[in-house]
Number of protein chains: 2
Amino acid sequence: MRLRGCRALERLRALIGPSLREAAGLMEALLRERGWMLLWASCRAYYEGRGASESSRGDVLVMVKPDRSVIVHGPRGFKPMNWQPSGSTVSVGVEAGSLVVKALRRNPRELLVLECGEVYLVGGLLEPRSPEFYMYMSESEIRDVLAANPGLIEDGLRIVGVELPVEPGFVDMYGYDKDGRLVVFEIKRVKAGESAARQLLRYIEALRSRGLSNVRGVLLAPDFTESAIRLLETSGLEYKRIDLRRLYELASRRLLGRGSRDLLDYLGRG
Amino acid sequence: MRLRGCRALERLRALIGPSLREAAGLMEALLRERGWMLLWASCRAYYEGRGASESSRGDVLVMVKPDRSVIVHGPRGFKPMNWQPSGSTVSVGVEAGSLVVKALRRNPRELLVLECGEVYLVGGLLEPRSPEFYMYMSESEIRDVLAANPGLIEDGLRIVGVELPVEPGFVDMYGYDKDGRLVVFEIKRVKAGESAARQLLRYIEALRSRGLSNVRGVLLAPDFTESAIRLLETSGLEYKRIDLRRLYELASRRLLGRGSRDLLDYLGRG
DNA sequence: AAGTAAATGTCGACG
DNA sequence: CGTCGACGTTTACTT
């Protein structure tokens, strides 16, 4: 057995170039113990469900996490070649000279089958420790910072509420300008395209059809496509650039804060 | 050195429980040689770019592919915790007692920094062989099967063309019905929601504004949301269910075909 | 369970 | 290089 474990590595299991049977044995154990599993091998992959796919033999890296999500990566690209979301039923076995991994999802019913001829490496990590993760500047966070600092948008603006249900959907934010006119805001955290402009237009038309003829519509985004601007201008709507970095500083939320090295250290030395 | 390589595994490199310096050495070599790299370690992650994120120390699996895409997975979930798309600039080094991996993307400028305290496993695969991959039943494939079998939609239908440029976009497919009326089709491979109905409506209105008042609009999908059906009916548009499995059989395309074990074998034994 | 909108969406195609 | 739409989108949230 090429199973190894150092003092600080008690939770790690690894086999390098194992037989199919050895690989299957470790993988079964890892499935039972809810470990985080890794399989680097030469495989064929089959999938059928909402779509269907097939691949010829090639090098793939398969990850099975404790929550039974399955991710199959080929040697290129950010996106996995095949996958199965968490909660799948995963099984491992040796059939007809291949290590076969199956992952079944119900609702929708989808099956992923991996047929591995040669296994390069099998790894497992028991009781993995999840990092705490915090993502800044989601759309809702941008909205909250803007609602707290309406002067960033225009003078005399008073924000009254967020997430106003209108027709089929929600207005991100709304308030009254210095002249007392109702202003409705649509917020995008990335460059706003035509579809964002259409979304705003739809809300404005819904409000106007309810008699609110004097409503302004403003699209807020770090940037705008030409076609978005065209649609906004022909529809009598407005748009205003927002500075994400400025908002980020205003939010200035930190999960880890003190002690932890800041990203800006690295950015400085880039 | 815990570097290992068997006959059939000449392309594999692996270090189990290496020192940070050993790990960095192997990773630098793999970067130079355009290998496929794997790092299983206890890390903190920082990201700033279109968004910004931060994580506390925890177990992560980092993949760096030959095309310089970087994918960082935590122990849970289908989606990576952090990532960088292909074409990034990746560097590895030891700084202040940590193995530091940086991945920089330009345009948009985004930086990902990993700070690893303990390395469980470093693996590398040289000259990885990409599986050939084929995905069945994309929207275009559905369209082509329907165009070749218009009787599946309605009797007497004659398909004239696909991808007709209209206004800002393309009509998926169009033709003439048994009464000689122009019919425009919008195809969705999954349940069609309101947005699909709106899309069709937009095309129809564009065509009518060009004087084609007698045009029919039909939404084709395996299923429809209630709100989509409402919008279609109030707009005088039509919808028709399509059977993906039937289309799949009609397409019956196989990349690998003979010799390769068929997915249906596994489906049968589920 | 179903629908709707966000996402560091990614990816590919086309102008 | 921008813009647009598809995607096995996934994910989160609300009804």
Side-chain angles (χ1 to χ4, degrees), chain A residues 47-53 69 71-72 76-86 105 107-112 135-143 163 165 167-172 186-196 198-199 202 222-230 244, chain B residues 45 47-53 69-72 76-86 88 103 105 107-112 135-143 163 165 167-170 172 186-196 198-199 222-230 244:
Chain A
Y47 153 75
E48 190 179 288
R50 285 165 295 176
S53 78
S69 47
I71 304 150
V72 183
R76 281 197 298 261
F78 156 81
K79 275 179 61 174
M81 199 176 79
N82 288 104
W83 68 90
Q84 210 65 290
S86 61
R105 172 192 196 178
N107 197 5
R109 192 176 183 85
E110 297 187 291
L111 178 63
L112 174 62
M135 179 87 222
Y136 304 97
M137 290 288 103
S138 63
E139 193 183 86
S140 61
E141 206 162 2
I142 294 170
R143 184 199 62 206
E163 295 299 306
E167 182 62 5
F170 291 82
V171 158
D172 286 333
E186 177 66 28
I187 299 167
K188 288 289 162 224
R189 65 180 311 294
V190 292
K191 185 187 266 210
E194 221 183 286
S195 67
R198 270 202 303 275
Q199 197 176 338
R202 207 151 52 86
D223 200 3
F224 305 87
T225 68
E226 267 310 306
S227 64
I229 292 176
R230 253 197 320 276
L244 277 189
Chain B
Y47 153 74
E48 188 179 293
R50 286 164 296 176
S53 78
S69 46
V70 179
I71 304 150
V72 182
R76 280 198 298 261
F78 155 82
K79 270 182 62 175
M81 200 176 80
N82 289 106
W83 68 90
Q84 209 65 291
S86 60
S88 302
R105 172 192 196 179
N107 197 5
R109 191 173 182 86
E110 297 188 290
L111 178 63
L112 174 62
M135 178 89 226
Y136 304 98
M137 289 287 102
S138 61
E139 192 182 88
S140 62
E141 206 161 5
I142 294 171
R143 184 200 62 205
E163 295 299 307
E167 180 64 1
F170 291 82
D172 285 333
E186 176 66 28
I187 300 168
K188 288 288 160 224
R189 65 180 309 295
V190 292
K191 186 187 266 212
E194 225 182 284
S195 66
R198 270 201 305 274
Q199 195 176 338
D223 200 3
F224 306 86
T225 68
E226 268 309 309
S227 64
I229 292 176
R230 251 198 322 277
L244 276 189

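Any value given below was found using the heavy atoms of this structure, including those in side chains, with hydrogens, waters and symmetry copies removed. All chains are named by letter (A, B, ...) in the order of the sequence lines, taking the proteins before the strands, and each is independently numbered beginning at 1.
- If you measure from atom CD of A/Glu186 to atom P of C/dA5, you get 10 Å, rounded to the nearest angstrom.
- When rounded to the nearest whole Å, the span between CD of B/Glu141 and P of D/dA6 equals 16 Å.
- With sequence neighbours left out, B/Arg76 forms a side chain to side chain contact (heavy atoms under 4.5 Å, CB included) with A/Asp67, A/Ser130.
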- prompt: Given Watson-Crick or G-U pairs with both distances under 3.5 Å, what dot-bracket string fits DNA chain D, with | for other-strand pairs and [ ] for crossing?
  reply: |||||||.|||||||
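- The gap from the C1' atom of D/dT11 to that of D/dC7 amounts to 14 Å, rounded to the nearest Å.
- The shortest heavy-atom contact between B/Gln84 and B/Glu110 is NE2-O, 3.3 Å.
- Among D/dT3, C/dT4, D/dA6, the nucleotide with an atom closest to any side-chain atom of A/Lys191 is D/dT3.
- The distance from atom CD1 of B/Ile71 to atom P of C/dT10 is 12 Å, rounded to the nearest whole Å.
- Of the side-chain N and O atoms in A/Gln199, none sit less than 4.0 angstrom from OP1 or OP2 of C/dT4.
- Under the side chain to side chain contact (heavy atoms under 4.5 Å, CB included) criterion, A/Ile187 pairs with A/Glu139, A/Ile142, A/Arg143, A/Leu146, A/Asp172, A/Met173, A/Leu220, not counting sequence neighbours.
- With rounding to whole Å, A/Glu163 atom CD is found 9 Å from C/dA6 atom P.
- Remark: B/Ala192 pairs with B/Lys188, B/Ala196, B/Leu219, B/Ala221, B/Phe224 by the side chain to side chain contact (heavy atoms under 4.5 Å, CB included) rule, at least two apart or across chains.
- OP1 or OP2 of C/dC11 has not a single side-chain nitrogen or oxygen of A/Arg76 nearer than 4.0 Å.
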Using nucleotides 12-15 of chain D, report all nitrogen or oxygen pairs with the protein that are shorter than 3.5 Å.
none

Every protein N/O lying under 3.5 Å from an N/O of nucleotides 8-11 of chain D:
{"unit_1": "D/dG8", "atom_1": "N9", "unit_2": "A/Tyr47", "atom_2": "OH", "d": "3.3"}
{"unit_1": "D/dG8", "atom_1": "O6", "unit_2": "A/Asn82", "atom_2": "ND2", "d": "3.2"}
{"unit_1": "D/dG8", "atom_1": "O6", "unit_2": "A/Trp83", "atom_2": "N", "d": "2.8"}
{"unit_1": "D/dG8", "atom_1": "O6", "unit_2": "A/Trp83", "atom_2": "O", "d": "3.2"}
{"unit_1": "D/dG8", "atom_1": "N1", "unit_2": "A/Trp83", "atom_2": "O", "d": "2.6"}
{"unit_1": "D/dG8", "atom_1": "N2", "unit_2": "A/Gln84", "atom_2": "OE1", "d": "2.8"}
{"unit_1": "D/dG8", "atom_1": "N2", "unit_2": "A/Glu110", "atom_2": "OE1", "d": "2.9"}
{"unit_1": "D/dG8", "atom_1": "N3", "unit_2": "A/Tyr47", "atom_2": "OH", "d": "3.2"}
{"unit_1": "D/dG8", "atom_1": "N3", "unit_2": "A/Arg50", "atom_2": "NH2", "d": "3.2"}
{"unit_1": "D/dG8", "atom_1": "N3", "unit_2": "A/Glu110", "atom_2": "OE2", "d": "3.2"}
{"unit_1": "D/dT9", "atom_1": "OP2", "unit_2": "B/Arg189", "atom_2": "NH1", "d": "3.2"}
{"unit_1": "D/dT10", "atom_1": "OP1", "unit_2": "A/Arg50", "atom_2": "NH2", "d": "3.1"}
{"unit_1": "D/dT10", "atom_1": "OP1", "unit_2": "A/Trp83", "atom_2": "NE1", "d": "3.1"}
{"unit_1": "D/dT10", "atom_1": "OP2", "unit_2": "A/Arg50", "atom_2": "NH1", "d": "3.0"}

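- Listed by chain and number, the residues in a side-chain hydrogen bond (donor to acceptor under 3.5 Å, both in side chains) with B/Ser140 are B/Ser138 (sequence neighbours excluded).
- Under the side chain to side chain contact (heavy atoms under 4.5 Å, CB included) criterion, A/Pro80 pairs with A/Ile71, A/His73, A/Trp83, B/Phe78, sequence neighbours left out.
- The separation between B/Arg230 atom CZ and C/dT4 atom C1' is 13 Å, rounded to whole Å.
- Spacing between atom CG of B/Asn107 and atom P of D/dT3 amounts to 12 Å, rounded to whole angstrom units.
- Between B/Tyr136 and B/Glu141, the shortest heavy-atom contact is C-OE1, 3.5 Å.
- For the salt bridge (charged side-chain N to carboxylate O under 4.0 Å, His left out) test, residues two or more places apart in sequence or in another chain that qualify with B/Lys191 are B/Asp223.
- For the side-chain hydrogen bond (donor to acceptor under 3.5 Å, both in side chains) test, no residue two or more places apart in sequence or in another chain qualifies with A/Arg230.
- Where A/Phe224 and B/Ser140 each meet DNA chain D at their nearest nucleotide, the meeting point lying more 5' is that of A/Phe224.
- At least one donor-acceptor pair under 3.5 Å links the side chain of A/Arg189 to the backbone N or O of A/Met137.
- Residues forming a side-chain hydrogen bond (donor to acceptor under 3.5 Å, both in side chains) with B/Ser88 (at least two apart in sequence, or on another chain): none.
- The interatomic distance linking B/Glu139 (CD) with C/dA13 (P) rounds to 15 Å, in whole Å.
- Under 4.0 angstrom from either OP1 or OP2 of C/dA5 there lies no side-chain N or O belonging to A/Lys188.
- With hydrogens and angles ignored, the 3.5 Å screen pairs no side-chain donor or acceptor of A/Arg105 with any backbone N or O of A/Pro85.
- With both ends at atom C1', the span from C/dC11 to C/dA7 equals 14 Å, rounded to whole Å.
- Per the geometry, CD1 belonging to A/Ile142 stands 11 Å off P belonging to C/dA6, to the nearest Å.
- When the nucleotides D/dC7, C/dA5, D/dC4 are ranked by their closest atom to the side chain of A/Ser227, D/dC4 comes out on top.
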